[in-house]
K.L.:
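Supplied in structure tokens, the structure appears directly below.
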Amino acid sequence: MTRLAILGSTGSIGTQALDVVAAHPSLFEVEVLSAHSNDTLLAEQARKFMPNAVIITDESKYASLKNALADLPIKVFVGTDALNDVVKWESVDTVLAAIVGIAGLPSTLSAVQAGKRVALANKETLVVAGDLVMRTAQESGAVIIPVDSEHSAIFQCLVGEDPEKVEKVILTASGGPFLGRKPNYLVNVKASHALQHPNWTMGAKITIDSATLMNKGLEMIEAKWLFGLKNEQIEVVVHPQSIIHSMVQFVDGSLKAQMGLPDMKLPIQYAIAYPQRIDNSYKRVDFRDFQKLTFEQPDYKTFRNLALAKEAMFRGGNIPCVMNAANELVVHSFLQNKISFIEMSDAIEIVMSKVSYIEYPTLEDYNNSDHEARIYAAELVKHSQLSH
Ligand code: NAD
Ligand code: MG
């Protein structure tokens, strides 16, 4: 029996994780659930899964959540400190880190410090502070198992292999809803277009990141830290069918690929059940439906966020943190129609050139860089064509 803390249980990953748990009641038990502001769904989930504790980080929702669960023996906590605390509990075996954005960093780091098994969906944590998180895991003995489908694929390809024998990893990208489009088309796209992903249904932030290809850039940096790779060992190929979830090429030229239908429940299940592989009855790949698997080079010139993320990876230090902060802010603004699709890349590029470089940042440096980058980015959003 694995006792889970699911952080971000009301999100796309969180709700799918609870579907996996519900399908395997003899394998998983829910110890903790958390959400930012959706108190109604959190209360509903708590009633169904009967965790020991729930945490809400938006203070204005605390009273209503507490009230909704008053008849049950469930502890109700509020605030981020509570998150950092519960993940250390003796009664928690595995923490599913499924909060979106840098907001997930403190609780993930706390779980890693406590030596927990961490099923990691929150890629921004590794983008911002991958060196710190991986070093801490080495010291504490925490095991990090990726939930992101590409990284789950690479992880699965590496089982039984010597990491020294990896030549490179190839991350596959669907290309998103604007695959093949050029800048003259992208200038006019609205959030409502960008929210329509062809292959995956996900939270709003990652869906926009998939449309700009920032998501793939974040995933390059995520892969670097998770698998201890050099920048030159990480490649991206566009594979619109999303059947191959990523590949590893070894020193003898052999390539391993992990395949499956695009369904996040698979990598979630793999991560929380690891090292077991558990059965399910989800739809299987039928190659009669996929007679052609195709591959093409990403268009770095049109999808500049991918180029910017790659640049951030190579520059290292606090630059991925700065890029991530600027991106979080502009994505939020794009969702509110305050900045255009193309201006998001402009703003990220400017912010990356402004914030001063720190080669070996501490956690405090990361927090400061994040803060500084958001201030610059907010200023640029204010001057956007759309803000007037
Ligand atoms: P989502 O927006 O659907 O859900 C986010 C969850 O985090 C919610 O439960 C929300 O309440 C919580 N949250 C948001 N802001 C918070 C804050 N400030 N403090 C505490 N909690 C907060 O997001 P998602 O699509 O489920 O993505 C979660 C993470 O998983 C992201 O890092 C994303 O990149 C990664 N991921 C998602 C998918 C996917 O298919 N959705 C795939 C791969 C990786
Ligand atoms: Mg992914």
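Just follow the structure's listing: the first ligand is 1, and inside any ligand the first atom is 1. Note that the structure is predicted; figures quoted are calculated from it, not measured.
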K.L.:
Run the salt-bridge test on E150 and K123 with the 4.0 Å N-O cut-off and return the result as yes or no.
P.N.:
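Salt bridge flag = no for K123 with E150.
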K.L.:
Measure the distance from atom 4 (O) of ligand 1 to every protein heavy atom, then report the residue, atom name and distance (to 0.1 Å) of the closest one.
P.N.:
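Here the nearest protein heavy atom works out to G11 CA, 3.1 Å.
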K.L.:
Does I206 have a heavy atom less than 4.0 Å from any atom of ligand 1?
P.N.:
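I206 counts as a contact of ligand 1 under the 4.0 Å cut-off.
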K.L.:
Starting from atom 5 (C) of ligand 1, locate the nearest protein heavy atom and write down its residue, its atom name and how far away it is, to 0.1 Å.
P.N.:
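Going by distance alone, atom 5 (C) of ligand 1 is nearest to V100 CG1, 3.7 Å.
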K.L.:
Closest non-hydrogen protein atom to atom 28 (C) of ligand 1, residue and atom name please, with distance?
P.N.:
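Residue, atom and distance for the closest contact: A98 O, 3.4 Å.
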K.L.:
Quick one: nearest non-hydrogen protein atom to atom 32 (O) of ligand 1, plus distance?
P.N.:
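Of the protein heavy atoms, E124 OE1, 2.7 Å lies nearest.
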K.L.:
Taking distance alone, with N or O pairs closer than 3.5 Å, would you say G8 contacts ligand 1?
P.N.:
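The answer is yes, given that G8 and ligand 1 share an N or O pair closer than 3.5 Å.
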K.L.:
Output the atom name for the N/O/S atom of E219 with the smallest distance to the Mg ion (ligand 2).
P.N.:
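Within E219, restricted to N, O or S, the Mg ion (ligand 2) is closest to atom OE2.
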K.L.:
What atom name does the N, O or S atom of E150 nearest to the Mg ion (ligand 2) carry?
P.N.:
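Going by distance to the Mg ion (ligand 2), the closest N, O or S atom in E150 is OE1.
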K.L.:
Among all protein heavy atoms, pick out the one at the shortest distance from atom 35 (C) of ligand 1; state its residue, atom name and that distance to 0.1 Å.
P.N.:
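Residue, atom and distance for the closest contact: A121 O, 3.1 Å.
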K.L.:
Heavy atom under 4.0 Å from ligand 1: found in M202's side chain, backbone, both, or neither?
P.N.:
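Looking at M202 and ligand 1, atoms from backbone and side chain both fall under 4.0 Å.
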K.L.:
Does ligand 1 have a heavy atom under 4.0 Å from the side chain of K205, from its backbone, from both, or from neither?
P.N.:
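The answer is neither; K205 stays 4.0 Å or more away.
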K.L.:
Test of understanding: given a 4.0 Å heavy-atom threshold, classify the contact between T10 and ligand 1 as side chain, backbone, both, or neither.
P.N.:
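The part of T10 near ligand 1 is both the backbone and the side chain.
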K.L.:
Which of the numbered atoms in ligand 1 are below 4.0 angstrom from a heavy atom of K123?
P.N.:
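Near K123, meaning under 4.0 Å from one of its heavy atoms, ligand 1 has 32 (O), 34 (O), 44 (C).
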K.L.:
Give me the nearest non-hydrogen protein atom to atom 41 (N) of ligand 1 as residue plus atom name, then the distance to 0.1 Å.
P.N.:
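The answer is S12 OG, 3.1 Å.
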K.L.:
Select one of side chain, backbone, both or neither to describe which atoms of I13 lie under 4.0 Å from any atom of ligand 1, heavy atoms only.
P.N.:
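The part of I13 near ligand 1 is both the backbone and the side chain.
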K.L.:
With E222 as reference, evaluate N215, T125, D148 under the side-chain contact (heavy atoms from CB on, under 4.5 Å) test and give the passing residue.
P.N.:
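Single pass found, and it is D148.
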K.L.:
Suppose we measure from atom 20 (C) of ligand 1 to each protein heavy atom; which comes out shortest, and what is that distance?
P.N.:
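Answer, as residue, atom name and distance: T57 OG1, 3.2 Å.
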K.L.:
Do any nitrogen or oxygen atoms of H36 come within less than 3.5 Å of a nitrogen or oxygen of ligand 1?
P.N.:
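Looking only at distances, the answer is yes, because the N/O contact criterion of under 3.5 Å is met.
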K.L.:
Hey, which N, O or S atom on D148 ends up closest to the Mg ion (ligand 2)?
P.N.:
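Going by distance to the Mg ion (ligand 2), the closest N, O or S atom in D148 is OD1.
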K.L.:
Output yes when the distance from some N or O of ligand 1 to some N or O of G203 is under 3.5 Å, and no in every other case.
P.N.:
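Yes, G203 has an N/O under 3.5 Å of an N/O on ligand 1.
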K.L.:
In terms of residue, atom name and distance, what is the protein heavy atom nearest to atom 7 (O) of ligand 1?
P.N.:
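For atom 7 (O) of ligand 1, the nearest protein heavy atom is I99 CA, 3.4 Å.
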K.L.:
When only distance counts, is D148 in polar contact with ligand 1, meaning an N/O pair under 3.5 Å?
P.N.:
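No, since none of the N or O atoms of D148 sits under 3.5 Å from an N or O of ligand 1.
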K.L.:
Can Q156 and S152 be said to form a side chain to side chain donor-acceptor pair (under 3.5 Å), step by step?
P.N.:
CA-CA 6 Å; Q156 293 182 56; S152 176; 3.0 Å; yes
